[in-house]
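This report refers to the structure that appears directly beneath it.
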Amino acid sequence: MAVNIVHTHMKTSHLPKKKNSLPEEGKTKKSDNPSFYEKVFEIARQVPKGKVTTYGAIAEAAGIKLSARMVGWALRYSGRVKPPVPAHRIVNRVGLLSAKHQFPTPTLMQEMLEQEGILIKDDKILNFKDVLWLPAIAQTKTTK
DNA sequence: TTGTTGACCGAGT
DNA sequence: AACTCGGCCAACA
């Protein structure tokens with residue numbers, strides 16, 4: 001049994017309805033709680049130079065582990081938010097530069113990473129294990 | 001309102 | 001190793 005009743009009362013007004021109304025820009029809106037967009041940006045900004053992290057890792061750190069897709073969705077806006085977000089340091093779980101087409105030029109993401117000492121071949125990070133940086137996960141035992 | 005689409009992930013084939 | 005599938009959830013037609 002245990003039928004799940006889905007409540008649809010949750011407001012979505014704190015999320016951007018149009019491309020021009022981002023949470024960062026319109027943070028004076030009615031939403032008092034930080035949207036997950038801000039969480040994503042905040043975590044992404046912590047990635048050190050010369051390191052990368054993954055969508056899933058950010059999702060987990062933001063408390064939405066199963067929704068890594070939304071991290072990528074949120075990062076679409078990362079180019080226009082106020083403290084800058086090093087979006088080029090975020091790749092998918094296998095080290096592929098899946099976001100490279102979202103940058104001003106198709107080669108910019110790779111170039112920026114290479115400037116930080118990261119080796120890339122065929123849109124894939126070669127030394128992925130070495131440069132992978134994982135954000136601190138709130139209240140989660142990482143002893144594995 | 002329903003259906004489709006993502007800068008994804010993990011498990012299964 | 002490559003591919004498919006189901007799940008997650010916001011935005012959009």
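Note on naming: letters A, B, ... go to the chains in the order of the sequence lines (proteins, then strands), and numbering restarts at 1 for each one.
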If each of A/A68 and A/W73 is mapped to the nucleotide of DNA chain B with the nearest heavy atom, which maps nearer the 5' terminus, i.e. the 5' end? A/W73
Over how many whole Å does the gap from A/I125 atom CD1 to B/dA7 atom P extend? 18 Å
Does A/Y77 put a side-chain nitrogen or oxygen below 4.0 Å from OP1 or OP2 of B/dG6? no
A/R93 side-chain proximity, nearest of C/dA11, B/dC9, C/dC8: B/dC9
Under 3.5 Å, side chain of A/T53 to main-chain N/O of A/L134, donor-acceptor pair present? no
Is A/E42 salt-bridged to A/R45, going by a charged N under 4.0 Å from an acidic O? yes
Heavy atoms only, 4.0 Å cut-off, all strands: where does A/A74 land among base, sugar-phosphate and nothing? nothing
Identify the heavy atoms of A/H88 and A/L113 that sit nearest to each other, and give their distance. O-CD2, 3.3 Å
Whole-Å P distance, C/dA2 and B/dA7: 22 Å
Please tell me which of the listed nucleotides, B/dA7, C/dG7, B/dG10, lies nearest to the side chain of A/R69? C/dG7
Whole-Å distance separating the CE atom of A/M70 from the P atom of B/dC9: 14 Å
Closest nucleotide among B/dA7, B/dG6, C/dC8 to the A/S67 side chain: C/dC8
With a 3.5 Å cut-off and heavy atoms only, can you find an N or O donor on one side and an acceptor on the other between the side chain of A/R76 and the base of B/dG6? no
What's the closest nucleotide to the A/L66 side chain, out of B/dC9, C/dC8, B/dG6? C/dC8
Identify the residue among A/L119, A/L97, A/L132, A/V94 that makes a side chain to side chain contact (heavy atoms under 4.5 Å, CB included) with A/I125. A/L97
What's the CG-C1' distance between A/L113 and B/dA7, to the nearest Å? 13 Å
